[in-house]
Engineer: 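What follows is a structure written as structure tokens; I'll ask about it next.
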Amino acid sequence: MRLLPPWQGKPLQEIIGLAREVVEDTDFPTVARWREQGGKVVGHFQVYFPEEIAAAAGMLPVKLKGAPLEARNAGSRFGSYLCSIVKTSLELALSDRLKLDLFVTHPICDAARNQAGVWNRSVPYPVDTLYLPQNASFPGAVGYLRGEYQRIQRRIEEIVGRRVSDDALRSAVAVFNENRRLLRELYRLRRETPWLLATDECYVLMALGAVVERREHNELLKAVLPLVRERTAPRQDRLRVIFEGGFCEQPPLDLLRALGQLCYVVDDDLLIGLRWITEDVPTLGDPLTNLADAYLNRSSYSPVQHDARKPKEVMLLKRIRESGAEAAIIGGAKMCEPALEEQVAYAKALEEVNVPYFVTEFEETMVSFENLQLQLETFVENVQFADDDDAAAPAAG
Amino acid sequence: MEATQPASEATVEQQILGRGAREGAGLLRNWYARLDAAARASEPAAYVFVMGSMAEILRVFDFHLVFPEVNSLQTAIRKVSGEYLNEAEDYGYSADICAYVKADVAVQLRGGKHPNGLIPRPTLAVLTNACNTYIKWAEIWERLYHTPAFVIDVPGPRHSGWTNQPGSEDFERDRCYVEAQLRELIVLCERVTGRRFDIDRLREVLAEANATGRVWREMVDLNRSRPAPFNAVGDGTVYLGVMNALRATPEGTRYFERVVEELRYKVEHGLGSMPKEEFRLCFVGVPCYPIFRRFNELFTEHNGNFVTSTYMMFASGGQNVHFEYDLTRPLESLAEGVLLTVRTAMFGMFFTDQLLAEMIEPFQLDGVVYHAVKSCRTVSTGLADTRRSVMARYDIPSLHIESDLVDKRVVAEAPMKNRTDAFFEALAGRRLRAA
């Protein structure tokens, strides 16, 4: 089902503008359109959810990533010392901006794991918790996770009123494989030619996938990628950086744009759940086992998953190396414990290998970036113009 | 030769009353002394947590059990947590990170120096997913010492009304997953200690855990009496300390048997934990350790007694669950017990409204006090909503206050007192109207 306004045949800038409008719209017009046609919706909280299962059942999986709005209804249901995203995600539901048929959360952090209780008490539709393994390298984790996916599938089947066949799952896997391939290509393009695609542009093109059917997202990405390659923007002498810390709550789009004006962001972990699986999931064999195996064994990293095979600081250095970045921006949402805890390990690791870094906090609802911009400008100047001896000086925002 | 005279009532009272607090403090002092000696002798120590300590397996290998949560709260009790927090923050940890974690980081940076003695370094860390901060915390030791950190996934309650019970297919799937992980933990313990696993020793430990659990539940239930013989925050925290430190040991079981003796005596003689118990309260959350005694006084001054708490449930690792290990199939049964108790602890934190519903009548509650703390999002995130929900369904007054478990900078005593005073005025007014 086409959920986006017509974009075919339009210039790249217009398509990006349209993507931005859709991604920023806190009334979720694509989801509303889906529901108008009688479609059902699974809302799932950050970071990762096997959306293939929902898609195979004919439901629209929507990634809940908070929103830049005031939590008028939801604020009083939570304590004071919490990140914004848990409050604004519930606000979307309580204010009827986002209507769901099922909400699934994950115990990714101490705040998020409380969502099942709070949502259960607050919304009329079913709520569930998907326990993704934290003992990720344990050999039995795949079998357990397969069972957990099957349980979620049963839950979804109850809502749509019919069984989901293995063939439907395999078809969905193929569509999502293509989506991930296209997103990898988008990221490769930005990594290799960051002057052709700004960070905020790359972000909105990716984030569309969180609110439309993947087939439509694939069509759009296939049309957009050649248009990006055809751009003729000149290469500038800008610092190549990676942005880390956007795995859950998202920084405001304007903050990403401000970053892009100062440096080339050549890789990031924004909405990493959409790109969590790093290789094609096999379309032969048992689809749920394949999905579980891919989640655990062919996947990226984030501060909310413990995997002894993937120490986060080692993975960060790998991301820097593979993207050819010269520095790192280590962000963290306010009150986000996993991100704030990881900042310490990241900082120590970066100092050891002499990679300059800039530490900062953000909030999805922030509207003023002047101070941050000034600090970042200073950091960039320091790195670009400093002597080799003090190039690794850390900075904090 | 003089005949032995029966002890007078006064002497009996002297021997019995106060033994829970007195002997509990003594046991905890001895436990810290043993940890100090272990640190000096470089004996193997396992860092564990209160929700799913896996003491049953670790005791088979004679690990010293170190509870970093207990160490951290002790820095606040000893009034030195500020120094520890500053040190961790200077190292790079944000002011918004759990203060338990930061106090422990400072202990590690100080080479194990703690106000209660030297803390041994971790030979391994064993943790469950009952709290995500456990995982991030263990990653710090991995980085500092290359300590193996073994995470045991305990699938928790998926939603309200979750009915995954023994015998069901879903329960068996979760239980098998836990059992497979326990077997893997045993292999790790064998590798780390160089000792073979002894299943008969496990049976002994499980039998002792059964005994400790039985007497713990009896103790908690005795507080349904009016007046209640103990304060679930003041006394309860000592009981919790012993429960965790000496769980599944003869020493621990003996202690709780003696506490039950004391409490039974008090119940039989109509003795409460305070001179005049007027209001029976439930404490929801984690205590305010920086002003521990004073915090409790804010309530006892008004003749309010915490007769029960969710803390005694989840911080004992779900010992309220009526479950005993089957010694004929020790590992299978251990997995079942771990799943039932740890997920019950989680249920008590995330679906507190349902737990409270089961407490109001049996404990004859007059009010509920929700204490949210900055440091612990696991326990505190949903408290405001729980309060809203419980108030809508039950006719029970409540108070919601916020502070911290270790960080005194977040503790504002005066506003807390104002709110507590107002809460008791409301309770008294309600009672008057009812009369």
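Labels below follow one simple rule: chain letters A, B, ... track the order of the sequence lines, proteins then strands, and each chain is numbered from 1.
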Engineer: Quick check on A:Asn371: does its CG atom have over 12 non-hydrogen neighbours (other residues, nucleotides or ligands) under 6.0 Å away?
Structural biologist: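 For A:Asn371, atom CG is not crowded (no more than 12 foreign heavy atoms under 6.0 Å).
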Engineer: For B:Tyr177, what residues pass the side chain to side chain donor-acceptor pair (under 3.5 Å) criterion, not counting sequence neighbours?
Structural biologist: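 Side chain to side chain donor-acceptor pair (under 3.5 Å) check on B:Tyr177 returns B:Asp153.
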Engineer: Taking B:Glu142, B:Met349, B:His400, B:Arg388 one by one, which has the highest count of heavy-atom pairs under 4.5 Å against chain A?
Structural biologist: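 So the answer, after comparing B:Glu142, B:Met349, B:His400, B:Arg388, is B:Arg388.
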Engineer: A:Tyr131 vs B:Val154, test: side-chain contact (heavy atoms from CB on, under 4.5 Å). Steps then yes/no.
Structural biologist: CA-CA 9 Å; A:Tyr131 272 84; B:Val154 181; over 6 Å; no
Engineer: Measure distances from A:Lys334 to the heavy atoms of chain B and classify the residue's part below 4.5 Å as side chain, backbone, both or neither.
Structural biologist: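 Neither; nothing under 4.5 Å.
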Engineer: What part of B:Val178 is in contact with chain A, defined as an atom under 4.5 angstrom from a non-hydrogen atom: side chain, backbone, both or neither?
Structural biologist: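 It is neither, since no heavy atom gets under 4.5 Å.
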Engineer: Under 4.5 Å between any side-chain heavy atoms of B:Glu139 and A:Lys312, yes or no?
Structural biologist: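 They are in contact (side-chain heavy atoms under 4.5 Å apart), so the answer is yes.
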Engineer: Which answer fits A:Ala347, side chain, backbone, both or neither, if we ask what part of it has an atom under 4.5 Å from a heavy atom of chain B?
Structural biologist: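 No part of A:Ala347 comes within 4.5 Å of chain B.
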Engineer: So for A:Phe138, is it side chain, backbone, both, or neither that comes closer than 4.5 Å to the heavy atoms of chain B?
Structural biologist: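 The answer is the side chain of A:Phe138.
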Engineer: For B:Glu402 and A:Ser80, indicate whether the former's side chain and the latter's backbone hold a donor-acceptor pair under 3.5 Å.
Structural biologist: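 Yes; at least one donor-acceptor contact below 3.5 Å.
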Engineer: By a 4.5 Å heavy-atom criterion (distance strictly below it), what part of A:Arg146 contacts chain B: side chain, backbone, both, or neither?
Structural biologist: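 Contact with chain B involves no heavy atom of A:Arg146 at all.
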Engineer: Please check if atom CZ in B:Arg393 has more than 12 non-hydrogen atoms from other residues, nucleotides or ligands closer than 6.0 Å.
Structural biologist: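 Above 12, so yes.
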Engineer: Specify which of A:Gln343, A:Lys348, A:Gln115, A:Glu337 makes the most heavy-atom pairs with chain B at under 4.5 Å.
Structural biologist: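 Top count of heavy-atom pairs under 4.5 Å with chain B: A:Glu337.
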Engineer: Do A:Thr129 and B:Met346 come close enough that some side-chain heavy atom pair is under 4.5 Å?
Structural biologist: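 Contact flag for A:Thr129/B:Met346 side chains = no.
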Engineer: Using a cut-off of under 4.5 Å for heavy-atom pairs, which of A:Gly79, A:Pro107, A:Ala111 has the most such pairs with chain B?
Structural biologist: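 Max contact count across the listed options: A:Ala111.
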Engineer: Only pairs of heavy atoms separated by less than 4.5 Å count here; which of B:Val373, B:Asp353, B:Thr352 has the most with chain A?
Structural biologist: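 Highest number of heavy-atom pairs under 4.5 Å: B:Asp353.
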Engineer: For A:Pro139, is it the side chain, the backbone, both, or neither that has a heavy atom closer than 4.5 Å to a heavy atom of chain B?
Structural biologist: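 When you check distances to chain B, only side chain atoms of A:Pro139 fall under 4.5 Å.
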Engineer: Between B:Arg143 and A:Glu342, does any NZ, NE, NH1 or NH2 come within less than 4.0 Å of an OD or OE carboxylate oxygen?
Structural biologist: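 Yes, A:Glu342 and B:Arg143 are salt-bridged.
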Engineer: Does any heavy atom of chain A fall under 4.5 Å from the side chain of B:Tyr91, the backbone, both, or neither of them?
Structural biologist: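 For B:Tyr91, heavy atoms of backbone and side chain both lie under 4.5 Å from chain A.
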Engineer: Sort and list the pairs that fulfil ring pair (Phe, Tyr, Trp, His ring centres under 6.0 Å) and have at least one residue in residues 151-174 of chain B, not counting sequence neighbours.
Structural biologist: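 As it turns out, the ring pair (Phe, Tyr, Trp, His ring centres under 6.0 Å) pairs with a partner in residues 151-174 of chain B, which skip direct neighbours, are B:His159-B:Trp162.
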Engineer: Ignoring hydrogens, what is the shortest heavy-atom contact between B:Phe350 and A:Arg121? Give both atom names and the distance.
Structural biologist: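 The pair with the smallest heavy-atom distance is O-NH1, 3.8 Å.
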Engineer: Could you tell me which portion of A:Arg151 (side chain, backbone, both or neither) has an atom closer than 4.5 angstrom to a non-hydrogen atom of chain B?
Structural biologist: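 Just the side chain, heavy atoms under 4.5 Å.
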Engineer: Side-chain contact test, heavy atoms from C-beta onward, threshold under 4.5 Å: evaluate it for A:Asp110 versus B:Cys131 and give yes or no.
Structural biologist: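 When only atoms from C-beta onward are counted, B:Cys131 and A:Asp110 do touch, with a gap below 4.5 Å.
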Engineer: Does any non-hydrogen side-chain atom of B:Lys136 lie less than 4.5 Å from one of A:Pro303?
Structural biologist: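 Yes; the side chains approach each other to less than 4.5 Å.
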Engineer: Under 4.5 Å heavy-atom distance to chain B, tell me which part of A:Glu148 shows up: side chain, backbone, both or neither.
Structural biologist: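 Interface part for A:Glu148: both.
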Engineer: Side chain, backbone, both or neither: which part of A:Val127 has a non-hydrogen atom closer than 4.5 Å to chain B?
Structural biologist: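 Only the backbone of A:Val127 comes within 4.5 Å of chain B.
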Engineer: Is the side chain of A:Asn135 donor-acceptor paired with the backbone N or O of B:Val151 at a distance under 3.5 Å, no angle test?
Structural biologist: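 Present.
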Engineer: Counting heavy-atom pairs under 4.5 Å to chain B, which of A:Ile108, A:Val104, A:Val304 comes out on top?
Structural biologist: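 Option with the greatest count: A:Ile108.
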Engineer: Between B:Cys176 and chain A, with a heavy-atom cut-off of 4.5 Å, which part of the residue counts as in contact: side chain, backbone, both or neither?
Structural biologist: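 B:Cys176 has no heavy atom closer than 4.5 Å to chain A.
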Engineer: What part of A:Ala136 lies closer than 4.5 angstrom to a heavy atom of chain B: side chain, backbone, both or neither?
Structural biologist: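 No part of A:Ala136 comes within 4.5 Å of chain B.
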Engineer: For the atom pair CG (A:Asn114) and OG1 (B:Thr386), what is the distance rounded to the nearest 0.5 Å?
Structural biologist: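 Answer for the CG-OG1 pair, A:Asn114 versus B:Thr386, is 8.0 Å.
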Engineer: Please determine, among B:Ala130, B:Ala372, B:Gly161, the option with the most heavy-atom pairs under 4.5 Å with chain A.
Structural biologist: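 Among the listed options, the one with the most contacts to chain A is B:Ala130.
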Engineer: Under 4.5 Å, heavy atom to heavy atom: which of residues 376-385 of chain B reach chain A? Give them by number, or say none.
Structural biologist: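 Interface residues of residues 376-385 of chain B: B:Arg377, B:Thr378, B:Thr381, B:Gly382, B:Ala384, B:Asp385.
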Engineer: Please report the interatomic distance CD1(B:Ile135) to SG(A:Cys109), rounded to the nearest 0.5 Å.
Structural biologist: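 One gets 11.0 Å once the value is rounded to the nearest 0.5 Å.
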Engineer: For residues B:Thr128 and A:Gln134, determine if any side-chain heavy atom of one lies less than 4.5 Å from a side-chain heavy atom of the other.
Structural biologist: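 Not touching, per the 4.5 Å side-chain cut-off.
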Engineer: Find the distance between CG (B:Asp170) and CD (A:Gln150) and round it off to the nearest 0.5 Å.
Structural biologist: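 Reported value, rounded in 0.5 Å steps: 9.0 Å.
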Engineer: At a heavy-atom distance under 4.5 Å, which candidate from B:Ser160, B:Ser375, B:Gly92 has the highest pair count against chain A?
Structural biologist: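 Answer, by heavy-atom pair count under 4.5 Å with chain A: B:Ser160.
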Engineer: Identify which part of B:Pro157 has an atom lying under 4.5 Å from any heavy atom of chain A, answering side chain, backbone, both or neither.
Structural biologist: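 The answer is both parts of B:Pro157.
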Engineer: Look at A:Thr105, A:Val86, A:Asp128, A:Leu130 and state which one has the largest set of heavy-atom pairs under 4.5 Å with chain B.
Structural biologist: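 If we count pairs closer than 4.5 Å to chain B, A:Asp128 comes out on top.
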Engineer: Looking at A:Glu157, I'd like to know if its CD atom is crowded, meaning that more than 12 non-hydrogen atoms belonging to other residues, nucleotides or ligands lie closer than 6.0 Å.
Structural biologist: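 Yes - once you tally the heavy atoms of other residues, nucleotides and ligands closer than 6.0 Å, there are more than 12.
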Engineer: Return the option, out of A:Gly147, A:Cys336, A:Pro338, A:Ser122, with the maximum number of heavy-atom pairs under 4.5 Å with chain B.
Structural biologist: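 Counting heavy-atom pairs under 4.5 Å, the top option is A:Gly147.
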Engineer: Are the side chains of A:Glu361 and B:Ser94 in touch, meaning some heavy atoms are under 4.5 Å apart?
Structural biologist: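 Yes - at least one pair of side-chain heavy atoms lies under 4.5 Å apart.
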Engineer: If I measure from the heavy atoms of chain B, does A:Ser137 come under 4.5 Å with its side chain, its backbone, both, or neither?
Structural biologist: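 For A:Ser137, neither part sits under 4.5 Å from chain B.
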Engineer: Look at A:Met335, A:Arg113, A:Glu313, A:Glu341 and state which one has the largest set of heavy-atom pairs under 4.5 Å with chain B.
Structural biologist: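 Of the candidates given, the most pairs with chain B belong to A:Arg113.
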Engineer: With sequence neighbours left out, what residues match B:Asn164 under side chain to side chain donor-acceptor pair (under 3.5 Å)?
Structural biologist: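 By the side chain to side chain donor-acceptor pair (under 3.5 Å) rule, B:Asn164 matches B:Asp174, B:Arg343.
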Engineer: Would you check if B:Phe351 and A:Asn120 make a side-chain contact, meaning some heavy-atom pair closer than 4.5 Å?
Structural biologist: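 Yes, their side chains come closer than 4.5 Å.
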